[in-house]
Participant: 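Questions regarding the structure given below will be posed in turn.
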Amino acid sequence: MDLKEAQEKLKKYGQEHLLRYYDELSDEDRQQLLAQIGKTDMSMTHFVKDRDQLPGRGVISPLGAMELPEIEEKKELFRKTGLAAVRAGKVGAVLLAGGMGTRLGSDNPKCMYDIGITKHVYIMQRLIENLMDVVNEAGTFVPLFIMTSEKNHDTTVRFMEEMNFFGYDRKKVWFFEQDMAPATDYDGKIFLEEKGRIATSPNGNGGWFTSMGKAGLIDVLHEEGIEWLNVFAVDNVLQRIADPVFVGATIESGCASGAKVVRKAEENEKVGAMCLEDGRPSIVEYYEMTPELLAARTSAGEPAYNFGVILNYLFREPDLEKIMNEDFPLHIVEKKIPHLDETGVKISPDKPNGYKFEQLVLDMVHQMDSCLPFEVLREREFAPIKNATGVDSVESARELCKKNGIEL
Ligand code: UTP
């Protein structure tokens with residue numbers, strides 16, 4: 001993009017201030033800034049002022065899960081169906097590893113975090129080891145797609161190479177970068193991070209399929225004959241990936257998608273719960289739970305919104321292509337955003353000072369015609385690492401790993 005084009009784009013979105021220091025920059029920095037302006041989607045910044053234009057929530061009603069006793073009863077059928085799909089190469093895995101991991105507070109990408117005590121046990125290693133269980137059972141490698149962001153891509157790829165992909169077949173691993181979104185002040189004006197760089201951050205975990213498309217990976221999905229994609233988070237070190245029983249249950253159910261869920265530990269647990277929204281599958285966030293929703297009971301007297309999602313979803317590939325260009329909910333999140341102030345001095349705020357824009361993978365569930373909530377035991381499959389200590393932390397994940405016989 002040249003200067004004139006950049007000026008026009010910025011004018012369109014009311015962001016002309018981003019060229020404030022352009023005259024002071026070196027040629028190289030000028031080119032980088034223009035390129036960044038060219039590739040950054042600024043179309044969402046007006047929603048800071050026009051929030052009422054963002055779609056609201058529909059009518060929430062309960063959606064029952066397939067619970068453990070039923071899964072146990074039909075396990076062999078599900079396993080057979082799922083394994084056949086994995087063996088036929090129809091199941092791919094997508095690791096969402098583009099997040100910033102700010103709560104954990106490590107400078108390196110989260111996948112490089114070492115949870116070992118007597119030896120190295122990196123988060124990525126745990127995930128690959130879990131995937132290898134299925135690879136060994138099926139006798140074939142599961143295609144693995146790893147989403148990174150501009151902020152952690154090179155480090156993540158280098159780490160995997162140094163670690164020799166933890167024994168995984170590197171020909172079955174593809175990396176792709178997610179898009180970045182601008183960060184703004186409370187008036188929707190995009191911050192400058194440096195004189196020649198606008199403040200951006202990864203655009204949430206919901207844009208993964210669009211980013212796969214931009215990276216040319218939909219062709220790979222077709223070439224590989226992949227029909228289902230199992231999307232999962234980087235931080236759950238007990239995660240079962242491409243789990244044949246889950247895959248088989250979703251296929252046998254005839255649903256367009258599946259979501260692994262755990263029974264809520266307590267009513268107010270901070271997890272999103274599976275539900276129907278205007279008759280379609282959806283997820284109601286813990287902070288959206290009204291007293292009525294909390295009080296609702298099933299015919300068996302159980303809480304009606306009792307199954308929390310753990311960011312492990314199965315989507316039918318052709319359905320993802322279908323929804324790719326549909327409007328997708330936008331989340332405007334208040335954050336601390338380092339930036340240059342009006343005098344060009346760098347500020348690292350200690351409290352929120354503006355907004356980031358994110359799309360979330362959980363919103364994709366609502367775009368599917370149907371979804372199978374599939375119950376798993378949290379002690380076996382849910383050990384998220386969000387924080388260094390306390391709830392959902394390195395400490396709690398280590399305890400759960402030990403209980404599952406994993407040496408650390
Ligand atoms: P989180 O919501 O825990 O966010 O991500 P985070 O960025 O990793 O951590 P904090 O909030 O800064 O502490 C859940 C999953 O979604 C991925 C993360 O890597 C993790 O696997 N994610 C999140 C992305 O891939 N991209 C994003 O933009 C955000």
Side-chain angles (χ1 to χ4, degrees), residues 40-41 44 93-113 115 122-124 126-128 130-131 144-153 155-157 159-160 174-183 199-212 214-215 217 229-239 241 259-260 270-272 283 285-287 308-313 328-338 352 355-365 382-394 396-397:
T40 304
D41 179 9
M44 75 293 270
V94 183
L95 166 58
L96 303 177
M100 299 285 280
T102 32
R103 282 170 287 174
L104 186 58
S106 163
D107 287 339
N108 278 328
K110 212 186 233 187
C111 68
M112 291 173 64
Y113 199 89
I115 62 165
Y122 302 100
I123 288 183
M124 182 68 98
R126 281 269 57 253
L127 298 176
I128 298 283
N130 290 344
L131 188 51
L144 173 63
F145 301 89
I146 300 178
M147 181 166 88
T148 59
S149 84
E150 183 184 283
K151 306 252 179 204
N152 69 12
H153 182 84
T155 324
T156 304
V157 174
F159 174 66
M160 285 297 273
W174 291 262
F175 293 93
F176 65 101
E177 271 184 52
Q178 70 173 96
D179 293 333
M180 304 295 280
T200 57
S201 65
N203 67 344
N205 56 27
W208 64 273
F209 193 72
T210 310
S211 298
M212 276 184 92
K214 284 189 189 165
L217 291 176
L229 284 173
N230 181 199
V231 188
F232 62 101
V234 72
D235 45 37
N236 176 6
V237 288
L238 285 183
Q239 188 107 242
I241 304 152
K260 284 203 168 183
K270 290 184 172 175
V271 292
I283 286 135
E285 285 290 0
Y286 67 91
Y287 50 81
V309 286
I310 60 169
L311 216 173
N312 189 313
Y313 301 104
F328 203 62
L330 182 70
H331 298 258
I332 303 180
V333 203
E334 235 185 314
K335 296 263 179 169
K336 295 180 221 165
I337 303 157
Y355 298 117
K356 290 187 176 178
F357 302 85
E358 293 184 345
Q359 294 185 322
L360 302 179
V361 60
L362 57 83
D363 289 317
M364 267 182 175
V365 173
F382 192 40
I385 298 179
K386 302 285 183 192
N387 308 297
T389 55
V391 179
D392 295 343
S393 66
V394 180
S396 60

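Counting starts at 1 for both ligands and their atoms, following the listed order. These values consider heavy atoms only, across backbone and side chains, with no hydrogens, waters or symmetry-generated copies.
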Participant: Is the closest basic N to carboxylate O distance between Arg103 and Asp392 below 4.0 Å?
Facilitator: no
Participant: By number and element, which atoms of ligand 1 are closer than 4.0 Å to a non-hydrogen atom of Lys386?
Facilitator: 1 (P), 3 (O), 14 (C)
Participant: Can you tell me how far apart CG (Asp41) and OG1 (Thr200) are? Round to the nearest 0.5 Å.
Facilitator: 12.0 Å
Participant: Just by distance, do the side chain of Gln178 and the backbone of Gly207 share a donor-acceptor pair under 3.5 Å?
Facilitator: no
Participant: Give a yes or no on whether Lys336 atom NZ has more than 12 heavy-atom contacts from other residues, nucleotides or ligands under 6.0 Å away.
Facilitator: no
Participant: Just to be sure I'm reading this right: ignoring hydrogens, which of Gly204, Gly98, Ala181 gets closest to atom 25 (O) of ligand 1? Compare them by their nearest heavy atoms.
Facilitator: Gly98
Participant: If the cut-off is 4.0 Å to any non-hydrogen atom of Leu311, which atoms of ligand 1 fall inside it?
Facilitator: 14 (C), 15 (C)
Participant: Does some side-chain heavy atom of Ser393 sit less than 4.5 Å from a side-chain heavy atom of Lys386?
Facilitator: no
Participant: Of all the non-hydrogen atoms in the protein, which one sits nearest to atom 21 (O) of ligand 1, and at what distance?
Facilitator: Leu96 O, 2.6 Å
Participant: Using a plain distance cutoff, I'd like to know if Gly101 has any nitrogen or oxygen under 3.5 Å from a nitrogen or oxygen of ligand 1.
Facilitator: yes
Participant: Can you name the atoms of ligand 1, numbered from 1 with element, that are less than 4.0 Å from a heavy atom of Met147?
Facilitator: 25 (O)
Participant: Give the contacting part of Gln178 toward ligand 1: side chain, backbone, both or neither, where contact means a heavy-atom distance below 4.0 Å.
Facilitator: side chain
